[in-house]
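As structure tokens, the structure follows; a few thoughts come after it.
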Amino acid sequence: MGFCRGNDAGCALRAGAGADDHDGPALPQSVRPPRHRRRRTDRVPLCFHQHRHGDGHRARGRGAAAAHFLRWHVDDDDHGRGRHRHVRPCQPHDARAPRRVRQGRCRQSCPAVPSSGPYPATGPMLHAPNRTPTQKASSSPMSTTSKPAKPVITRFAPSPTGFLHIGGARTALFNWLYAQHTGGKFLLRIEDTDRARHTPDAVDAILDGLKWLGLQWDGEPISQFSRAARHAEVAHALLAAGQAYRCYVPAEELAAERAKAEAEKRFFTVASPWRDRDPATAPAGVAPVIRFKAPRDGETVVEDVVQGRVVFQNKDFDDLVILRSDGTPIYNLAVVVDDHDMGVTHIIRGVDHLTNAARQTQIYRAMGWDVPVFGHVPLIHGPDGQKLSKRHGALGIEAYRAMGYLPAALNNYLVRLGWSHGDDEIFPLAKMIEWFDLNSLGKSASRMDFLKLADTNAHYIREATDATLLANIERVLPELGISGVPANLTATQRAQFLALIPDLKPRAKTLREVVTGAAALFLERPLQLDVKALALIDAEARVHIKALSGRFRALGAWSAKALEDDVRSYAEAGGHKLGKIAQPLRAAITAASVSPPVFSLMAILGREETLARLEEQAG
RNA sequence: GGUCCCUUCGUCUAUCGGUUAGGACACGAGAUUUUCAAUCUUGGAAGACGGGUUCGAUUCCCGUAGGGACCGCCA
């Protein structure tokens, strides 16, 4: 085998401190450090890397020559991974640069990609020519490393057709974080244009969910419906400018054609004859819709902070309806008008809106408005990789609260779905805000992993102070609805619960588990022992319990330490293992075989209650 | 059917074209232990496939396969 020898002229590492290691026999395979130890830092002095070229099975690209060639270029102050990178200017237009760089998504200080294009800022205009220019405009707000010229305004725009689900929560989080990070604003708009599907309850659920997560928006939530007149105004401006037209084709006719095309697996686009027809020939008594006159040829480019440059052929778009026949607006128009009027600079939303971004870009251009920066984040799938459905994961955010997750944990978990910051996993809010940037967003969809969420939650449970944790618990106690535990605690119960919290923390992944762990505190005599507990209390156990009752009655200080010491000395004196004595005690005190430390429990319960429970089982 | 997007351990992800492909969750083993946890030590686990460019490709390009999104007088 061709291992690196001391006289291997090509080895760049020979000059280093580890040169001695190169003499002597070839290192056996077993010297290779275990996988998890293979770090850049320990690689340098050792140089026992295996050179595969010696015996013919050189793996592609991992050859020794290559390996040696590269060592020169390793920057050793790149300790850790990804943190202390050298910031070098990127070359976005270099064809050999990585995709991230070319697409302007490099972490390093890249020139930004234009967002709004070189179009006039006011007044309607004709459609864009064939190619959307993308060079120039290096001062757009796309760059996240330097402060944008315009103050950042983001928004979250849910439709109130249902609850706030996990994907929506993450979208809101990203928008909120970016606004916080840049010192900008985060606005909330309810997309309630469709009155038929609008429910006030859903609006409340969304607002409550955001508040619970701590994603406070700036100003009042805006109702899209309330702005219908403005939307119509813009539609008519488009009409006046020749960028839209009245279409008299009946809806039913279109629906029938669409259904037919779908059945035949044919591609269907609306090609309204009214696009070019003289409006004077319009039929009487038919209420027309207003259609946007979409460009027929050329392409529409979406410069996306997440997706990169996405090019759509204009021929693939049809003329979308912007105003219904009853004069009410339709989504794509309403969104553009509202985002423009609200001064939104950055639109971060799910990729399911990517094609809408192209359509909306066309409308922005037709109106001569600046196109905001788009960032279309990938979707979150269910644990099985399928689209989220009610069966798995598509729960309202309030369901997560009721399951006992902490908002900090949920935010921390969600921010890691599609976003990363090196190897970091735990992000206290301040760090999240400091580190969050649009450039580190990924493009591939992720899966909901409840186990990781649980682990993150467990982390935040352990981190919380006892008082904070209990306060959080009391807030959700009614929702938790755990039998045997009161929805409201008395002062005594609260004090006992608080005292037990340190023993509960390491045992719980959710607040629900914290509460169930404290169940023994709330039991009422006579206790109903479960099967395993019952089995622990045999004749011999009764003898021990009886004996210990007597000792406890005479015990001086009533503390966990004193109790434990006493039980230990009792066990030792009788030649028993501690478990032999402690388990029956646990059964008698908690009615279960599993619980937090039984000595803590007895200490918190007090002498009287402890003795009463023991005497119940003493027989 | 059309358009667009995606693909690194089971999962979330790291990687400036040169790393022994790293971390976290999950899983296995051991230690500790009054139960259960927590904790500590430790193990296994990945570049979808095929071409091309290059001294060198997980990384850039093309194709294939698989997955996803969107194609409403819904949002």
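The structure displayed is predicted, hence computed values, not measured ones. Order of the sequence lines fixes the chain letters, A, B, ..., with proteins taken first and strands second; residue numbering starts at 1 for each chain.
The CZ-P distance, from F317(A) to rC4(B), rounds to 10 Å in whole Å. In this entry the distance linking NZ of K505(A) with P of rU39(B) reads 14 Å, nearest Å. Taking atom CZ of F374(A) as the reference point, atom P of rC4(B) lies 18 Å away to the nearest angstrom. Rounded to whole angstrom, the span from the CG atom of L320(A) across to the C1' atom of rC70(B) amounts to 13 Å. Rounded to whole Å, the distance from CG on L578(A) to P on rC36(B) is 13 Å. What separates CG of L500(A) from P of rC36(B) is a distance of 18 Å, to the nearest Å. The distance between atom CG of L536(A) and atom C1' of rC36(B), rounded to the nearest whole Å, is 13 Å. Counting to the nearest Å, the P atom of rG23(B) and the NE2 atom of H421(A) are 18 Å from each other.
For rA75(B) and rU19(B), the C1' atoms lie 47 Å apart once the distance is rounded to whole Å. Comparing the P positions of rA21(B) and rG47(B) gives a spacing of 11 Å, expressed to the nearest Å. With C1' as the reference atom, rA46(B) and rC40(B) are 27 Å apart, rounded to whole Å. rC62(B) and rC6(B) are spaced 11 Å apart, taking the P atom of each and rounding to whole Å. Of the C1' atoms belonging to rA37(B) and rG17(B), the separation is 47 Å, rounded to the nearest Å. Nucleotides rA48(B) and rU54(B) have their P atoms positioned 23 Å apart, rounded to a whole Å. Comparing rA45(B) with rU8(B), their C1' atoms are spaced 12 Å from each other, to the whole Å. Only the P atoms considered, rG68(B) is 41 Å distant from rU42(B), to the nearest whole Å.
In the interface, the side chain of S325(A) is paired with the base of rC73(B) through a donor and an acceptor atom under 3.5 Å apart. Side-chain N/O atoms of D316(A) and base N/O atoms of rG2(B) include no donor-acceptor pair closer than 3.5 Å.
Counting any heavy atom pair closer than 4.0 Å across all strands shown, R586(A) reaches a base atom. E191(A) comes within contact range of the sugar-phosphate backbone alone, with a heavy-atom separation under 4.0 Å but no base atom that close. Across all strands shown, D326(A) has no heavy atoms under 4.0 Å from either base or sugar-phosphate atoms. Backbone-only engagement by V321(A) is indicated by non-hydrogen atom pairs under 4.0 Å involving sugar-phosphate atoms exclusively. Here L379(A) lies in heavy-atom contact (under 4.0 Å) with sugar-phosphate atoms only. Among the atoms of the strands shown, base atoms are found under 4.0 Å from some heavy atom of V249(A). Using a 4.0 Å heavy-atom cutoff across all strands shown, F599(A) reaches at least one base atom of the nucleic acid. Within 4.0 Å (heavy atoms only), T328(A) reaches no atom of the nucleic acid at all. Contacts of T161(A) with the nucleic acid, taken as non-hydrogen atoms under 4.0 Å apart, are absent. Looking at heavy-atom distances under 4.0 Å, V310(A) makes contact with sugar-phosphate atoms alone, never a base. Looking at heavy-atom distances under 4.0 Å, G385(A) makes no contact with the nucleic acid at all. Residue contacts for H353(A): at a heavy-atom cut-off of 4.0 Å it reaches a base atom on one of the strands shown. Residue contacts for S444(A): at a heavy-atom cut-off of 4.0 Å it reaches the sugar-phosphate backbone alone, with no base atom in range. If you check every strand for non-hydrogen atoms under 4.0 Å, P160(A) touches nothing.
Comparing rC5(B), rU34(B), rU39(B) against the side chain of K443(A) picks out rC5(B) as the nearest. When distances are taken from the side chain of N332(A) to each of rA75(B), rC36(B), rU3(B), the shortest belongs to rA75(B). Here the side chain of S159(A) is nearest to one of rC12(B), rA75(B), rU39(B), namely rA75(B). Which of rA14(B), rA75(B), rC12(B) sits closest to the side chain of T193(A) comes down to rA75(B). When each of rC36(B), rU34(B), rC12(B) is scored by its nearest atom to the side-chain atoms of V594(A), the top-ranked nucleotide is rC36(B). Between rA75(B), rG22(B), rA26(B), one nucleotide has an atom nearer to the side chain of R324(A) than all others, and that is rA75(B).
Ionic pairing of D318(A) and R359(A) is present here: one or more N-O contacts between side-chain nitrogen and carboxylate oxygen are shorter than 4.0 angstrom. With respect to the salt-bridge test (charged N to carboxylate O, under 4.0 angstrom), the residues R416(A) and E425(A) qualify.
Pair assignment for rA14(B): none, as no Watson-Crick or G-U wobble contacts are both less than 3.5 Å. A 3.5 Å limit on both hydrogen-bonding distances identifies no Watson-Crick or G-U partner for rU34(B). Of the nucleotides present, none pairs with rG56(B) by Watson-Crick or G-U wobble criteria with both distances under 3.5 Å. Nucleotide rG2(B): paired with rC70(B) (Watson-Crick or G-U wobble, both distances less than 3.5 Å). rA21(B): no Watson-Crick or G-U partner with both key distances under 3.5 Å is found in any strand. Under the Watson-Crick or G-U wobble criterion, with both distances below 3.5 Å, rU42(B) is paired with rG28(B).
Counting only distance, with no hydrogens or angles, the side chain of D503(A) and the backbone of P597(A) share no donor-acceptor pair below 3.5 Å. Using modelled atom types, no side-chain atom of R155(A) and backbone atom of R189(A) make a donor-acceptor pair closer than 3.5 Å. D304(A) places a side-chain N or O within 3.5 Å of a backbone atom of H376(A) that can act as its donor or acceptor partner.
Contact annotation: K509(A) reaches the phosphate of rA38(B) (side-chain N/O to OP1 or OP2, under 4.0 Å). Residue S420(A) places at least one side-chain N or O closer than 4.0 Å to OP1 or OP2 of rA14(B). Proximity of R416(A) to the phosphate of rU11(B): no side-chain N or O atom is located under 4.0 Å from OP1 or OP2.
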Atom pairs and distances, donor-acceptor, side-chain atoms in residues 586-595 of chain A, under 3.5 Å, two or more places apart:
unit_1	atom_1	unit_2	atom_2	d
R586(A)	NE	Q583(A)	OE1	2.7
R586(A)	NH1	S595(A)	OG	2.9
R586(A)	NH1	P596(A)	O	3.3
R586(A)	NH2	Q583(A)	OE1	3.3
T590(A)	OG1	R586(A)	O	2.7
T590(A)	OG1	A592(A)	N	3.1
T590(A)	OG1	A592(A)	O	3.2

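T456(A) and A409(A) make their closest contact through CG2-O, 3.7 Å (heavy atoms, listed as atom of the first residue, atom of the second, distance).
Not less than 6.0 angstrom separates the ring centroid of Y405(A) from the ring centroid of Y460(A). Ring centers of W274(A) and Y245(A): at least 6.0 Å apart, outside the cut-off.
Closest-nucleotide positions on RNA chain B for D352(A) and R568(A) were compared, and the one nearer the 5' end corresponds to R568(A). Between P506(A) and L354(A), the residue anchored nearer the 5' end of RNA chain B, judged by the nucleotide with its closest heavy atom, is L354(A).
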Take R568(A) and E572(A) through the test salt bridge (Lys or Arg N to Asp or Glu O under 4.0 Å) and record every step on the way to the result. CA-CA 6 Å; R568(A) 276 185 191 279; E572(A) 215 168 297; over 6 Å; no
